[in-house]
Amino acid sequence: MANYLCSSSPLTHLSSPLPLQSVARNRCFRHCKASSSCSLLLGSSSGVFGRRRPRNRSRRGARASSRVPNFMVFSQAVLTPDKKAETGGLNGDDLYDAIVIGSGIGGLVAATQLAVKGARVLVLEKYVIPGGSSGFYERDGYTFDVGSSVMFGFSNKGNLNLITQALAAVGCEMEVIPDPSTVHFHLPNDLSIRVHREYEEFIRELFSKFPNEKEGILKFYSECWKIFNALNSLELKSLEEPLYLFGQFFQKPIECLTLAYYIPQNAGDIARKYIKDPQVLSFIDAECFIVSTVNALQTPMINAGMVLCDRHFGGINYPVGGVGGIAKSLAKGLVDMGSNIQYKANVTGIIVENGKAVGVRLSDGRQLFAKTIISNATRWDTFGKLLKGENIPKGEQDFQQRYVKAPSFLSIHMGVKAEVLPPETDCHHFILEDSWSRLEESYGSIFLSIPTVLDPSLAPEGRHILHIFTTSSIEDWEGLPRSEYEVKKKRVADLIVRRLEETLFPGLKSSITFMEVGTPKTHRRYLARQNGTYGPMPRDVPKGLLGMPFNTTGINSLYCVGDSCFPGQGVIAVAFSGVMCAHRVAADIGLEKKSPLLDSALLGLLGWLRSLA
Ligand SMILES: NC(=O)c1ccc[n+]([C@@H]2O[C@H](COP(=O)([O-])OP(=O)(O)OC[C@H]3O[C@@H](n4cnc5c(N)ncnc54)[C@H](O)[C@@H]3O)[C@@H](O)[C@H]2O)c1
Ligand SMILES: CC(C)=CCC/C(C)=C/C=C/C(C)=C/C=C/C(C)=C/C=C/C=C(C)/C=C/C=C(C)/C=C/C=C(\C)CCC=C(C)C
């Protein structure tokens, strides 16, 4: 035991957890009316998200950003582009540099990063608030997270705290509450494993449960740390931009080669090199399933390395006031930088002229034009719906061959009487009681988050929030008459409540004070994601991340961002895709250095590598 505690790389990064804080405060909303005042508060931001004054900041934008006090007002006081640009009459400086379709975290990070680099950006969001899957809603005194609730990348150290850095770039900072554990697993054969914030404690717990596999366990997780440490040492920008990429290879050759070595590999194969016990391998499947909705054999090793270590390095941190605050802050920061966001702006088509994306069409009949178009809709929605009539580029056809839409979710947002939770209940739970074989089945595993364990301000006094979800497919819910649909929702929800009563909270049913059930149809409707999908998942065994597309597309000036881009599902993953996208777009519109010759060589090479996947 002593040996692993002082073994090399992983543990050199460990530090004691941050102190627990409980004061609800979002500095962006409360303290910053304009970005300049935020920078006083934060000092200048650094790292990936360097900051610059916006170029050509519009007078209207500047006036509005100092006048408008908070986010809710922004949502109404929307800034519209020049009338001439709306009708497509002009080119050059009057056009937006970029129109971003959708305000998920991927879209917002791309937009804010571009705004920070001096671009003039317009985000168009179909819904009434920003955030998409990372949004929020309020009912009966509860503030519910729509989807994402386990926040990676939200610490105050390293290069991979992408959420913290994205906020800081636009002058925002959110107070977070460190979670003492990432997740508490409740698994077949009464196996209970807590993923402690401290790596040593987690490893000690695994050793106690699987004493026969100590060495294998240590070797597998140490290999994850090798990846994490390499990632954490890089400046993260677009892997599609050659000057940056070659620069990184020059400065950090070992780290880049390490990552290149792991890119085509999957976590399950590496686990099998060291571990034989089927129980431990099934546990690693469950670890991977949480972050990829597939087992370890189908989970890219880079992604496994990232999440299985960040939770110990930076830790999981929950934003005070709820996850929705991240998107609200980014949207506010975007407007502060002189760019715009419009809500209830449903994009129905991307306008393509001579093979180049030049604008978008909205459901209210408007047409808006920009130098570049960035779609935060899924690639299936972008190429299947927004580009109807265009030939689907070969690269997208290949993507659809390699990846299918992951199932959607059935989600239950619940308010309960506080006394039903035993003392010391963890915030996040993963429940798979009966059999490992049910891991990937619809309704097989249950995800449960209780954010009020960390932030009681999200619920009325004496109440807790239970946010429950389980995989479910749209086919299960389509074509039902309204009454049958409602009855089915209740039946499935009752079954889940019964399972939770049996495994965790006796008496749960009678303690429920509020309950709302969302099906895949709900997710499709409110998140505008085809079939309500959670994101892409590999059709077969993938070659790690090799086949995952980046941000450029086969259509000139059209880019994608979000979870159907490298590196895939996850809030921190889409934040990274936003950073990459903003860098590539900025290079293409002249805000960052670029080399057209090297560009075409690298893009050709990457296309060829993808074809090997
Ligand atoms: N339960 C969960 O924890 C959960 C559930 C779902 C997704 N997620 C995660 O959320 C992340 C998804 O982030 P993302 O940035 O890719 O996207 P997103 O799906 O969160 O956001 C996309 C946004 O684009 C908007 N949009 C889509 N089409 C539009 C159109 N035609 N016109 C205007 N607006 C449009 C949607 O309304 C939405 O707000 C992923 O990390 C995923 O893994 C988590
Ligand atoms: C160019 C080439 C190809 C190569 C070269 C080499 C190099 C340089 C490379 C590099 C690379 C990089 C940088 C990469 C990066 C990556 C990253 C950042 C990644 C990330 C990832 C992340 C992820 C995946 C995440 C995820 C997460 C998730 C999904 C989460 C989820 C959650 C949930 C679902 C919740 C749960 C709950 C309960 C349990 C309750």
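In listed order, ligands and their atoms are each counted from 1. Values below: all heavy atoms of this structure, side chains included; hydrogens, waters and symmetry mates excluded.
- Residue Gly570 has at least one heavy-atom neighbour below 4.0 Å for each of these atoms of ligand 2: 26 (C), 27 (C), 28 (C), 29 (C).
- Closest to atom 29 (C) of ligand 2 among all protein heavy atoms lies Val291 O, 3.2 Å.
- Close approach of ligand 2 to Leu239 (heavy-atom distance below 4.0 Å) involves ligand atoms 10 (C), 11 (C).
- The pair Arg311-Glu287 counts as a salt bridge, with a side-chain nitrogen and a carboxylate oxygen less than 4.0 angstrom apart.
- Of all atoms in ligand 2, numbered sequentially from 1 with element shown, those under 4.0 Å from a heavy atom of Leu448 are 40 (C).
- Within ligand 2, the atoms closer than 4.0 Å to a non-hydrogen atom of Leu236 are 13 (C), numbered from 1 in the order shown.
- When the shell of 6.0 Å around NZ of Lys594 is examined, it contains more than 12 heavy atoms from other residues, nucleotides or ligands.
- If you look at His583 and Tyr244, their ring centroids are closer than 6.0 Å.
- Considering only non-hydrogen protein atoms, atom 20 (C) of ligand 2 sits nearest to Met306 CG, 3.4 Å.
- Regarding atom 38 (C) of ligand 2, its nearest protein heavy-atom neighbour is Phe447 CD2, 3.7 Å.
- With a heavy-atom cut-off of 4.0 Å, Leu546 does not touch ligand 2 at all.
- Between Arg524 and Asp381 no salt bridge is recorded (no basic side-chain N to carboxylate O distance below 4.0 Å).
- What sits closest to atom 35 (C) of ligand 2 on the protein, heavy atoms only, is Val150 CG2, 3.5 Å.
- Proximity to Tyr534 (heavy-atom distance under 4.0 Å) selects the following atoms of ligand 2: 29 (C), 31 (C), 34 (C).
- Taking the six-membered ring for Trp and the full ring otherwise, the centers of His467 and Phe469 sit less than 6.0 Å from each other.
- The pair Glu433-Arg499 meets the salt-bridge criterion, with a side-chain N (NZ, NE, NH1 or NH2) lying under 4.0 Å from an Asp/Glu carboxylate O.
- Here the shortest heavy-atom pairing between Leu297 and Asp285 reads N-OD1, 4.3 Å.
- Remark: among candidates Phe249, Phe228, Phe185, Phe409, the nearest residue to atom 5 (C) of ligand 2 is Phe249, based on non-hydrogen atoms.
- In this comparison of Ile227, Val307, Leu257, Val579, the heavy atom closest to atom 23 (C) of ligand 2 sits on Val307.
- The aromatic ring centroids of Phe185 and Phe283 lie less than 6.0 Å from each other.
- Between Phe144 and Tyr137, the ring-plane angle classifies as tilted under the 30° and 60° cut-offs.
- For the ligand labelled ligand 2, residue Phe289 lies outside the 4.0 Å heavy-atom shell.
- In this structure, the side-chain hydrogen bond (donor to acceptor under 3.5 Å, both in side chains) partners of Arg379, at least two apart in sequence or on a different chain, are Glu396.
- You'll find the ring centres of Phe228 and Phe313 inside the 6.0 Å limit.
- Residue contacts with ligand 2 for Leu231 involve side-chain atoms from C-beta outward but no N, CA, C or O (heavy atoms, distance under 4.0 Å).
- Put simply, part of Ser449 is less than 4.0 Å from ligand 2, judged by heavy atoms.
- Ring centers of Phe430 and His184: at least 6.0 Å apart, outside the cut-off.
- Scanning all protein heavy atoms for the shortest distance to atom 30 (C) of ligand 2 gives Phe152 CE1, 3.9 Å.
- The aromatic rings of His312 and Trp225 lie tilted to each other, with the angle between the two planes from 30° to 60°.
- Residue Gln569 places a heavy atom under 4.0 Å from ligand 2.
- Under 4.0 Å from any atom of ligand 1, one finds heavy atoms of residues Ile101, Gly102, Ser103, Gly104, Ile105, Gly106, Leu124, Glu125, Lys126, Gly131, Gly132, Ser133, Gly147, Ser148, Ala345, Asn346, Val347, Asn376, Ala377, Leu386, Phe469, Leu527, Ala528, Arg529, Tyr534, Gly562, Asp563, Gln569, Gly570, Val571, Val574.
- Within ligand 2, the atoms closer than 4.0 Å to a non-hydrogen atom of Val183 are 39 (C), numbered from 1 in the order shown.
- Nearest-residue assignment for atom 34 (C) of ligand 2 (options Ile263, Asn303, Ile290; heavy-atom criterion): Ile290.
- Note on ring orientation: taking the six-membered ring where Trp is involved, the planes of Phe399 and Trp380 are tilted (angle from 30° to 60°).
- The proximity of Gln248 to ligand 2, defined as any non-hydrogen pair under 4.0 Å, does not occur for either the backbone or the side chain.
- Here the protein heavy atom with the shortest distance to atom 18 (C) of ligand 2 is Phe576 CD2, 3.6 Å.
- Each of Thr182, Asp179, Val307, Val183 was scored for a side-chain contact (heavy atoms from CB on, under 4.5 Å) with Val150, with one residue passing: Thr182.
- Ion pairing of Arg194 with Asp426 is present here, as a side-chain N (NZ or NE/NH1/NH2) and a carboxylate O approach within less than 4.0 Å.
- When hydrogens are left out, the protein atom nearest atom 7 (C) of ligand 2 is Leu259 CB, 4.0 Å; that is the closest non-hydrogen contact.
- When the heavy atoms of Cys256, Ala230, Pro567, Gly153 are ranked by distance to atom 6 (C) of ligand 2, first place goes to Cys256.
- For the side-chain hydrogen bond (donor to acceptor under 3.5 Å, both in side chains) with Ser292, the qualifying choice from Asn303, Asn266, Thr299 is Thr299, the only one to do so.
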